[in-house]
Amino acid sequence: QVQLVESGGGLAQAGGSLRLSCAVSGRTFSRYFMGWFRQAPGKERELAASINWEGGGTYYGDSVKGRFTISRDYAKNTLLLQMNSLKPEDTAVYYCAAREGPIGSYKYWGQGTQVTVSS
């Protein structure tokens, strides 16, 4: 079984920072991209950032570009998201996810971690 477990969520004030982690365990799978998604109440799930696991190339959604940084610890099999200059609009459940090719849907998902940013 593949398991993705997020941690690091919590409460921050506007302008503050949080760092999310995603630990990957279980059976080995072909991991091409990993990403951080987020979903606020009443809103659609959106991709905040993604990374090519092997090459390290990154993508950022317009709403987080310049404020968030996605990275991976290759040796520790861990995905990270550094969140700076937080805004109340960043409040959401954040999900770690992985897919097995350059195109297609993300197949594996974590349980999510809550991020709340006060104004």
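Note that these values count all heavy atoms, side chains included, but never hydrogens, waters or copies made by symmetry. These numbers come from a predicted model, not from an experiment.
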- request: Please assess Y59 against L47 for the test side chain to side chain contact (heavy atoms under 4.5 Å, CB included), listing each intermediate value before the final yes or no.
  value: CA-CA 9 Å; Y59 163 85; L47 177 63; 3.8 Å; yes
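- Close placement of the Y106 and F37 rings is indicated, their centers lying within 6.0 Å of each other.
- Expressed to the nearest 0.5 Å, how far CZ of R38 lies from CZ of R45 amounts to 14.0 Å.
- Taking CZ from R19 and CE from M83, the interatomic distance works out to 12.0 Å, rounded to the nearest 0.5 Å.
- The two atoms that bring E6 and G112 nearest to each other are OE1-N, 2.9 Å, heavy atoms only.
- Relative orientation of the F68 and Y94 rings is tilted, given thresholds of 30° and 60° on the angle between their planes.
- A pairwise comparison of heavy atoms in V115 and G9 identifies CG2-CA, 4.2 Å as the closest pair.
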field: Evaluation steps, side chain to side chain contact (heavy atoms under 4.5 Å, CB included), between L81 and L79
entry: CA-CA 7 Å; L81 184 68; L79 181 72; over 6 Å; no
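- Atoms CD and CG, on Q13 and L86 in that order, are 10.0 Å from each other to the nearest 0.5 Å.
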task: Could you please spell out the steps behind the side chain to side chain contact (heavy atoms under 4.5 Å, CB included) verdict for T91 and Q114?
output: CA-CA 8 Å; T91 296; Q114 177 71 48; 4.0 Å; yes
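- Of all heavy-atom pairs spanning A14 and P88, the tightest one is CB-CD, 4.2 Å.
- Nearest approach of S21 to T78, heavy atoms of both residues: CB-CG2, 4.4 Å.
- For the atom pair CE of M34 and OH of Y108, the computed distance is 11.5 Å after rounding to the nearest 0.5 Å.
- Taking SG of C22 as the start and CD of Q3 as the end, the distance is 10.0 Å to the nearest 0.5 Å.
- Contact between G55 and R72 at its shortest, heavy atoms only, is C-NH2, 4.1 Å.
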message: Under the criterion side chain to side chain contact (heavy atoms under 4.5 Å, CB included), I'd like the reasoning laid out for S50 against W36: C-alpha separation, chi angles, the key distance, then a yes or no.
response: CA-CA 6 Å; S50 64; W36 287 100; over 6 Å; no
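- Dense packing is recorded around CD of Q111, with more than 12 heavy atoms of other residues, nucleotides or ligands lying under 6.0 Å away.
- There is a path of hydrophobic side-chain contacts, each under 4.5 Å, that joins Y74 to I51.
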